[in-house]
Amino acid sequence: MASASTSKYNSHSLENESIKRSSRDGVNQDLTEAVPRLPGETLITDKEVIYICPFNGPIKGRVYITNYRLYLRSLETDSALILDVPLGVISRIEKMGGATSRGENSYGLDITCKDMRNLRFALKQEGHSRRDMFEILTRYAFPLAHSLPLFAFLNEEKFNVDGWTVYNPVEEYRRQGLPNHHWRITFINKCYELCDTYPALLVVPYRASDDDLRRVATFRSRNRIPVLSWIHPENKTVIVRCSQPLVGMSGKRNKDDEKYLDVIRETNKQISKLTIYDARPSVNAVANKATGGGYESDDAYHNAELFFLDIHNIHVMRESLKKVKDIVYPNVEESHWLSSLESTHWLEHIKRIGHGDKNHTDADRSPIFLQFIDCVWQMSKQFPTAFEFNEQFLITILDHLYSCRFGTFLFNCESARERQKVTERTVSLWSLINSNKEKFKNPFYTKEINRVLYPVASMRHLELWVNYYIRWNPRIKQQQPNPVEQRYMELLALRDEYIKRLEELQLANSAKLSDPPTSPSSPSQMMPHVQTHF
Amino acid sequence: MFSLKPPRPTFRSYLLPPPQTDDKLNSEPKIKKLEPVLLPGEIVVNEVNFVRKCIATDTSQYDLWGKLICSNFKISFITDDPMPLQKFHYRNLLLGEHDVPLTCIEQIVTVNDHKRKQKVLGPNQKLKFNPTELIIYCKDFRIVRFRFDESGPESAKKVCLAIAHYSQPTDLQLLFAFEYVGKKYHNSANKINGIPSGDGGGGGGNGAGGGSSQKTPLFETYSDWDREIKRTGASGWRVCSINEGYMISTCLPEYFVVPSSLADQDLKIFSHSFVGRRMPLWCWSHSNGSALVRMALIKDALLQRKIDQRICNAITKSHPQRSDVYKSDLDKTLPNIQEVQAAFVKLKQLCVNEPFEETEEKWLSSLENTRWLEYVRILNYLVYLSFPFSLIIFLCCNHVLSILLTEEEGRDLSCCVASLVQVMLDPYFRTIIGFQSLIQKEWVMAGYQFLDRCNHLKRSEKESPLFLLFLDATWQLLEQYPAAFEFSETYLAVLYDSTRISLFGTFLFNSPHQRVKQSTEFAISKNIQLGDEKGLKFPSVWDWSLQFTAKDRTLFHNPFYIGKSPPCVHNGSVKSFKRTKKNYSSTLRGMPSALKNGIISDQELLPRRNSLILKPKPDPPQQTKSQNSDMEPYFREWFSKPVNLHGVILPRVSGTHIKLWKLCYFRWVPEAQISLGGSITAFHKLSLLADEVDVLGRMLRQQRSGPLEACYGELGQSRMYFRASGPHDTDTSGTPEFLSSSFPFSPVGNLCRRSILGTPLSKFLSGAKIWLSTETLANED
């Protein structure tokens, strides 16, 4: 950026903030130490480098690499710049320039991050400084490939809340009123022998026997049979999820699968047809027949109606996200911002998801999870009082999706997490969040029982999530804290202050009176009386 | 399916009141009772019964039956049926729920679906067919549709022609405001000078409901200007009366402010050299003494240099530090009025006329192509740039310059820029009264041509929504600094709507002189004694009680506003807000040498600026990059610090920050409405809390001052529309079901595209001669 020559002062407050934040998060930050360290975190190396800041130009600094993070502190007096990047965020490390490269800062490392950033460090050409740094970074950023443990298994942080207890499937099913007449909890997958990527507890139609389930499993990709996700508390309609049927080129059918879907339909008697939403574009569904997959055809499933939601696969999504990065990092494409944004198709994908399928809860490290969180954010914009959590909550989840500090998002399925004893050996992200809940609360939240949100999935309302996608750019930074939230918090504090002073005054007044006080002694008693005069 | 075709006979009985049955007998007396509510001076010119007002886009089941009338003020649909599906109606006291003021009509389309004909009705035009349908396109983005299946064909035609005729008057004096005000004078003959002061020209700021009884200064008098000089502490400036009786210029106010060092005699001489004799007008002074001045171009090339120098010297002399003048030529830096108008037409097309679903895919690029946001952004950006020096001062640097805005006539973009600068720099203009006085000062009195720009007479090629552009730019600031404004976005939207009601004098004329001249003529023709009054006193738009009840006016109040009175809390402790004393250094150290010798032009200071925001294709604010300029660090620093809401506020102008003002442009679009959502739901929640805090504050004061019972009266007042019904109501109360992203407006009954069988209304608007939506019609024939 041409403006790079300008002051470095204050332009990196966000990065500054992140460190302040982490110290509040329970990091034992010893101020005398050069780098903040989590319990269990060890310093591997440190080196003097030039950080080529995309916003402010080259800054001399010292980089510290631990088994958890890359940390850079400016060595220049006029810059308070700090970089704090968990190594898990790194997706690629590349060498730039060769031994013969000329020109200032042309020799060094280029690091691509999953959080929309790129980091460039220039190093001295002498010695093996770059090779050492490259190797150490590679080793600790991709530990599994180097037979090293993920940092989550080394993390010794302690929180006063145990996040691993937030989700208990039996309790959750009970909350939904399950089991009931139509749905039962089955332990058939207790040891993950029916389906290794499903959880141990499954909710299935009461009328389907475990043998039925086994036969259906043979006809579903990776044995992911239709199981209940959610049941409506009043009308008892359900959301059921499953993988594609193994129809194949020859159009195979499976009586058990057909019957099973009809049993599901019958659990809600008012419904004459079961609606199947196939998340894919129909072209992809057809194409998948070639590899043994396919979709539920009308002939085989008479009582079902199939709709394609036209949600593109993760490869398309990844391309789209890459394009978003191209237009926002490091410089925001200003001259044609809206059409550039449109050409990424990112919001379009968000819109599609917003329309239909919300079942993509895969903790897969693909943009699908990011899109889910983005959709939630879009909804929280449309319904500012409907969510208990705030934007920071969503950003924190996404940050730790990659950071490898917590076990929450490690591995691909419950069975793998169980094998690795994740709950015993790692800390849950929810421990961090729930031990500091206030920070993640939306002050405008209004609890409304059984409130259904009807978001408008229109490009007219979808926005790019600036505070996530463009947060590294000091120029684009939104006001923090959000002025609307801040004002609300101020008023809340003022209310409490007034109530306190009213109580004090009333106490003082009643003390002055020799007669027994006739006026109410606390504002909470008095208020209703006063309120009647409105 | 809601269709243009007459319903099939078999369905007739469900859809229409059967004409020959008992039902009709029952409904007849009903319809007879349907009488329009008329204002003084308002007369019904034509009417037709048994009209169906279409409500939903895809069904006729909600349609309303009633009478359509055309008066000299509005078209009115009168019905006994309640509005279906509508959960909330924000009532304008001047208008019925289904009424459209004639000045709000953009286009009138009549359709005969049997003959498959349609015609856009101009004034004095003939209509060769009997319309079965009438579609009114409103300037405020609404589309209203009536069907005449059961009405007398001739009377339907007459009403359409009457609407066409009365909505496109040939003369200014035919606008309803004249009739209305004339009647008021006649009716109040006993009263001195006509109108009782309540709704007189004074127009209170009291309008905004509870609280202030202050009045909006109109800047029609010497004393209003004098007070403004004193308020801003502008020494070195004086009120000048040489234009009394509009002797010098017919497009300047009678009183305005000039540098004290310029004598009346000099000004009189200079005035001949300016376009429209619009000599320099003082707008405002910063507390450091820097002034904001606007003027027209000097047309006399020979004298240009000399006069320019004299003016600049005089401005410099008026500066306490004798600082230089920074000239900003708006003609060179902003899009012209035609471009703004073109952008607006496209925006409107996109927002309401194009099919909703079809525009989804390319929504962002289509929006970009309208260029509306770009212009809003440039306006914000220009203001930001044209004031770098006063900002830099604020940011503890030492450049103290006065600003001189020049524009050919000095009455279009100058209004936008001058007022927006003041909104950003002076917190007073972010209050309701302040904002209104700003509009009086920089728009109404400065001769913004509301008549032509709003196109009230519908025949001007000079239409341009500059006032809306200003409101939109203000909204961007409100969006970015919600606690800095006393007013809400509803206020801004309602203010915009008020420009479409031809009852207020405020937005009716091209200049104050035109009001005096036209209304004096009118008064003479109507035998109205004016006494020593200068023209008729039209009601002022600032008298909001004419349009809204006290309760409804409370929606103008922004609950986020941190005013001076309610103290605010930081970290739990209660503090009162004080206007921060600004510490400006009075020396000129650190000033670039180029600045020290007199006048500085844009080019010298900001070499790259013109290339950056020049039309026709202004570059975006990558200009900030201009490496040479040393102001970027100041801006950066400013943005990195907490904002003092009672000081300067600067807009963030990156493409990601400038947004579409959805309430204004989407409020009538049913598909875009978020039911039980939108920012209003947070607004509601905060209002409850603010109200609770107000109540507690009052209780505290009572406790201190004496027995509770003493001040109960006070408790009845509230600034808030939404009020806490009990303690901690905020914690428990849910979202009222009538809230939506369109609140307080409702899109029910506004017909968007699909209502007419998928024919893009753009085809109507372009005036196609043949009914294009023949698909369905043809199928039926």
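Below, chains carry the letters A, B, ... as their sequence lines are ordered, and counting in each starts from 1.
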Under 3.5 Å: donor-acceptor pair, side chain of A:Gln382, backbone of B:Gly677: no
Separation of A:Thr446 OG1 from B:Leu688 CG (nearest 0.5 Å): 8.5 Å
side-chain contact (heavy atoms from CB on, under 4.5 Å) between B:Thr656 and A:Ile470, intermediate numbers included: CA-CA 9 Å; B:Thr656 59; A:Ile470 324 187; 3.8 Å; yes
A:Tyr454 OH: over 12 foreign heavy atoms closer than 6.0 Å: no
Donor-acceptor contact below 3.5 Å, side chain B:Glu368 vs main chain A:Ser339: yes
Lys/Arg cation over aromatic A:Tyr498: B:Arg698, 6.0 Å, 45° cone: no
B:Glu374 CD to A:His336 NE2 distance, which is reported to the nearest 0.5 Å: 8.0 Å
Non-hydrogen atoms of A:Val484 and B:Phe560 that approach each other most closely: CG1-CE2, 3.1 Å
B:Leu660 portion near chain A, given a 4.5 angstrom heavy-atom threshold: neither
Where B:Ser365 and A:Glu342 come nearest, the two heavy atoms and their spacing: OG-OE2, 2.6 Å
Test item: A:Glu448 side-chain N/O and B:Thr735 main-chain N/O as donor-acceptor pair under 3.5 Å: yes
Pair B:Glu671-A:Arg460, salt bridge (Lys or Arg N to Asp or Glu O under 4.0 Å): steps then yes or no: CA-CA 10 Å; B:Glu671 296 97 321; A:Arg460 286 154 170 85; over 6 Å; no
Under 4.5 Å from any heavy atom of chain A - which part of B:Ser675: backbone
Region of A:Leu505 in contact with chain B, defined by heavy-atom distances below 4.5 Å: both
Spacing of CG belonging to A:Leu491 relative to CG belonging to B:Leu689, to within rounding of 0.5 Å: 5.0 Å
B:Lys551 atom NZ: more than 12 heavy-atom contacts under 6.0 Å: yes
Separation between CD of B:Glu360 and CE of A:Met459, rounded to the nearest 0.5 Å: 7.0 Å
Spacing of A:Thr385 atom OG1 and B:Ile680 atom CD1 [to the nearest 0.5 Å]: 11.5 Å
Atom group of B:Phe666 that falls short of 4.5 Å from chain A, counting heavy atoms: side chain
Check against side-chain contact (heavy atoms from CB on, under 4.5 Å), B:Trp363 and A:Ser458: CA-CA 9 Å; B:Trp363 172 259; A:Ser458 156; over 6 Å; no
Options B:Pro559, B:Ala682, B:Ser366, ranked by heavy-atom pairs under 4.5 Å with chain A, top entry: B:Ala682
Taking every non-hydrogen atom, the tightest pair across A:Pro384 and B:Ser679: CG-CA, 4.1 Å
Euclidean distance, A:Glu497 CD relative to B:Leu696 CG, rounded to 0.5 Å: 11.5 Å
Residue selection (most heavy-atom pairs with chain B, distance under 4.5 Å) from A:His345, A:His461, A:Glu485, A:Arg451: A:His461
Top contributor to chain A interface from B:Asn369, B:Thr359, B:Thr681, B:Leu700 [non-hydrogen pairs under 4.5 Å]: B:Leu700
Derivation of the side-chain contact (heavy atoms from CB on, under 4.5 Å) call for A:Phe444 and B:Leu686: CA-CA 8 Å; A:Phe444 292 103; B:Leu686 190 101; 4.2 Å; yes
Sidechain-backbone polar pair: A:Arg487 side chain, B:Ala483 backbone, donor-acceptor under 3.5 Å: no
Within-4.5 Å side-chain heavy-atom neighbours: A:Trp337 and B:Leu373: no
